[in-house]
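To start, the structure itself, in structure tokens.
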Amino acid sequence: MSKAIRVGAGQGFYGDDPWFALQSAKYGNVDYMGFDSLAELTLAILEKARQKNPDKGYAADIITYANLLLPFVKERGLSLVTNAGGLNPNAAAKAVARLAKEIDFDNLKIATITGDDIKGKIKQLRQSGLKFENLDTGEPMPEEILNNIIFANCYLGALPVKDALDRNADIVVAGRITDPALFAGPILSGMNWQTDNLDQVAFATLLGHLLECGGQITGGNFSGDWESIPNLERLGYPIAEVYDDLTAVITKPEGTGGMVSVDTVKEQMLYEIHDPSNYIGPDCVVDITSAILTDIGKNRVKIAGVRGKKPPAALKALFAYPDGYIAEGRILYGVPNALRKAKAMAEIMKKRLDILGIKPIAYESEFIGGGALKRKEPDYEPDEILLRVAVKVNTKEEAQQVTKLFPAYILDGPPGADFFGAPPKPRQAIGIWSALIDRELIERDVKVNVKTAKEILEA
Amino acid sequence: MKLFLYQIAQVRSGDKANDSDVSVFAPNENIYNFLKESLTPAVVKSALSSIVDGKVVRFEVPNLLALKFLLTDALGGGASGSLRSDNLGKSIGGIFSTTELELPEALLKAVHIRPA
């Protein structure tokens with residue numbers, strides 16, 4: 001197998017620690033790195049930011065990462081792919097261009113991918129007869145949701161990323177593309193694989209899936225003999241070394257902690273994919289039921305045998321809508337009878353809401369230290385219980401009222417309650433409506449623009 | 001021998017909208033076959049009945065000696081709207097892995113049994 005390219009994971013989620021990416025850039029000998037900055041809640045926050053200021057709406061992480069890594073792009077030809085463009089890839093590109101100028105890197109080639117954000121054309125799509133039937137229930141989207149959309153994005157795949165990199169982009173700034181596409185795009189471009197070769201597309205997609213969660217494949221969140229994983233304090237993020245015979249090696253940078261073994265890789269391989277023979281993405285359907293994993297050396301796992309099937313005719317879209325507000329608070333109780341005290345307090349809280357005329361949409365009381373995660377009562381007497389009450393209500397004002405109740409009941413409730421810290425501020429709850437949309441209707445508006453930093457700043 | 005599932009298998013869970021998925025990995029083929037017999041969807045549903053409101057669907061992945069369970073309606077509304085502490089289902093695998101099994105003596109050979 002002739003050696004080809006190395007693709008590294010730089011970021012697993014919004015707010016991740018950039019130290020990991022820096023290790024891969026410095027010691028990982030990577031040609032490409034991918035960065036995942038978006039979650040559903042992140043997009044909701046970005047939409048608020050964009051409404052306040054049309055130059056915002058991208059994930060601020062991109063500044064941190066570009067600052068750290070642009071020198072590697074300039075000096076070593078490293079290429080970066082990120083979804084931190086969020087709801088405003090053009091504004092994010094401009095921010096990156098400014099950083100490039102600061103280090104005299106005017107010819108940095110920045111690509112933007114747009115067309116995933118469909119909020120602006122929902123009404124038009126609706127008028128053309130689309131009902132946005134719910135993916136789970138089949139129910140057409142109600143008017144009430146349609147008229148209150150916070151954000152609406154379609155998941156794009158790796159092909160626009162490949163296109164951008166084929167046109168020599170140094171950094172690709174996308175919005176809502178799938179997480180595997182952040183890596184599959186570089187693999188398809190770097191290997192010069194063809195998009196109509198489904199086994200190649202599927203292999204690139206699966207490698208993307210292995211890289212998308214950062215340290216979860218190199219010893220993080222490892223459910224096996226987790227105490228044997230060395231040096232998590234300097235965990236290495238994964239790197240895929242891809243060969244042109246449709247094999248790859250998963251590894252990590254020299255000198256970092258963690259572990260890559262068949263056992264760590266297989267956990268990530270099945271993680272959050274539903275049917276292993278039909279892992280559906282925009283570019284193909286991946287079948288991993290014939291995949292073979294082999295330990296071939298220390299922290300080196302070979303992967304082969306992934307098969308691809310035809311891509312779906314429709315793309316998945318997420319529509320977010322306001323779904324009330326969540327208030328929560330915690331009170332800590334000690335012995336004797338910690339659990340009884342916490343349970344009594346949870347009941348008092350319910351009655352108190354009644355008196356205030358607040359009718360929660362949902363109410364959850366958890367007894368942390370007493371079976372909260374199992375959602376079952378323990379058969380022993382715990383030394384202390386952290387009562388956590390979370391309430392979903394219709395308005396922000398109601399949520400604020402609920403939040404205020406917690407400090408008061410340190411003194412006004414069962415004895416020995418401890419102040420566990422101020423309750424978090426109420427937050428908006430986001431409802432997510434998923435639907436499929438004929439890909440033709442989306443892809444005709446997808447645009448890949450490649451410009452230098454200089455061109456962007458002069459425009 | 002009576003033991004917990006986590007002493008012989010890896011179990012990781014995650015989320016997708018309001019569903020959770022749990023993967024169970026056996027250390028060898030004999031144990032995989034044993035788990036395939038033991039861990040039916042009904043067993044999983046009953047072990048997690050306080051968490052899972054929907055149904056349990058099982059996928060067999062013999063090439064990874066794995067069983068995969070899709071648990072529907074398992075997160076109290078899904079990441080962005082759920083009121084649960086574990087709105088992402090990360091702890092569900094661990095909870096399931098405390099299921100007790102009666103492992104036949106013949107299968108004990110060549111298996112590393114982790115401490116309880």
Side-chain angles (χ1 to χ4, degrees), chain A residues 39-41 44 135-136 213 216 221-227 262-278 288-293 305 318 320 323-324 326 328 360-366 368 371-376 388-392 428-432 434, chain B residues 5-25 27 47-52 54 57 59-70 72-73 76-98 112 114-115:
Chain A
E40 287 151 11
L41 284 175
L135 197 52
D136 296 320
C213 293
Q216 274 208 140
N221 195 21
F222 178 57
S223 74
D225 193 3
W226 58 271
E227 284 156 300
V262 167
D263 286 347
T264 67
V265 173
K266 67 189 182 189
E267 281 198 15
Q268 180 59 26
M269 196 141 146
L270 290 190
Y271 182 69
E272 292 179 351
I273 68 169
H274 283 356
D275 177 354
S277 59
N278 287 297
I288 62 167
T289 55
S290 50
I292 301 162
L293 296 175
L318 296 185
D323 189 27
I326 296 175
E328 68 170 273
I361 309 167
Y363 178 96
E364 178 84 38
S365 49
E366 291 182 333
I368 297 175
L373 294 174
K374 286 185 176 176
R375 306 176 68 74
K376 265 185 199 164
R388 171 179 176 269
V389 175
V391 184
K392 194 187 277 188
Q428 190 177 33
I430 308 291
I432 299 287
S434 310
Chain B
L5 175 60
Y6 71 83
Q7 293 184 267
I8 52 165
Q10 292 169 239
V11 187
R12 182 192 274 188
S13 59
D15 75 295
K16 198 132 260 184
N18 196 22
D19 300 339
S20 175
D21 70 352
V22 176
S23 309
V24 178
F25 299 89
L48 297 173
S49 59
S50 55
I51 296 172
V52 180
V57 182
F59 301 99
E60 292 169 19
V61 198
N63 57 317
L64 299 176
L65 300 177
L67 297 168
K68 183 154 188 61
F69 300 93
L70 171 63
T72 66
D73 203 358
S80 50
S82 171
L83 297 182
R84 293 187 188 175
S85 284
D86 186 13
N87 59 343
L88 297 172
K90 303 275 189 211
S91 68
I92 296 177
I95 291 167
F96 179 58
S97 77
T98 61
H112 170 59
R114 289 168 52 207

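Atom set for the values below is all heavy atoms of this structure, side chains included, hydrogens, waters and symmetry mates excluded. In what follows, every chain begins at residue 1, and chains take the letters A, B, ... in the order their sequences are listed.
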message: On a heavy-atom basis, which atom in A:Leu373 and which in B:Ser85 lie closest, and how many Å separate them?
response: CD2-CB, 4.5 Å
message: For B:Gly14 versus A:Tyr271, what's the shortest heavy-atom pair and its separation?
response: CA-CE1, 3.8 Å
Atom [atom1] of [X] and atom [atom2] of [Y]: how far apart are they, to the nearest 0.5 Å?
X	Y	atom1	atom2	result
B:Gln10	A:Thr264	CD	OG1	8.5 Å
B:Ser91	A:Arg375	OG	CZ	10.0 Å
B:Arg84	A:Glu366	CZ	CD	8.5 Å
B:Asn18	A:Ile432	CG	CD1	12.0 Å

If we define contacts as heavy-atom pairs under 4.5 Å, which of [options] has the most with chain B?
options	result
A:Gly224, A:Ala362, A:Gly431	A:Gly224
A:Gln216, A:Glu227, A:Gln268	A:Gln216
A:Asp323, A:Ile273, A:Val389, A:Ile368	A:Ile273
A:Arg388, A:Glu328, A:Glu364, A:Met269	A:Arg388

query: Among B:Val61, B:Leu48, B:Asp15, who wins on heavy-atom pairs under 4.5 Å with chain A?
result: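 The option with the most such pairs is B:Asp15.
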query: Given the options B:Leu65, B:Leu64, B:Thr72, B:Ile92, which has more heavy-atom pairs under 4.5 Å with chain A than any of the others?
result: B:Leu64
Engaged part of [X] at the chain A interface, taking heavy atoms whose separation is under 4.5 Å:
X	result
B:Ser13	backbone
B:Ser23	side chain
B:Leu70	side chain
B:Ser82	backbone
B:Asp19	side chain

Sort [X] into side chain, backbone, both or neither according to what part of it lies under 4.5 angstrom from a heavy atom of chain B.
X	value
A:Ser290	backbone
A:Asp225	both
A:Ala291	both
A:Ile430	both

query: Any side-chain heavy atom of A:Ile292 sitting closer than 4.5 Å to one from B:Asn63?
result: no
field: Side-chain heavy-atom pair B:Phe25, A:Leu270 within 4.5 angstrom cut-off
entry: yes
message: With a 3.5 Å distance limit and no angle check, can you tell me whether A:Lys374 reaches the backbone of B:Ile95 through a side-chain donor-acceptor pair?
response: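 Judged by distance alone, no pair lies under 3.5 Å.
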query: Got a sec, which pairs hit salt bridge (Lys or Arg N to Asp or Glu O under 4.0 Å) with one end in residues 262-277 of chain A, sequence neighbours left out?
result: A:Asp263-A:Lys266, A:Glu267-B:Arg12
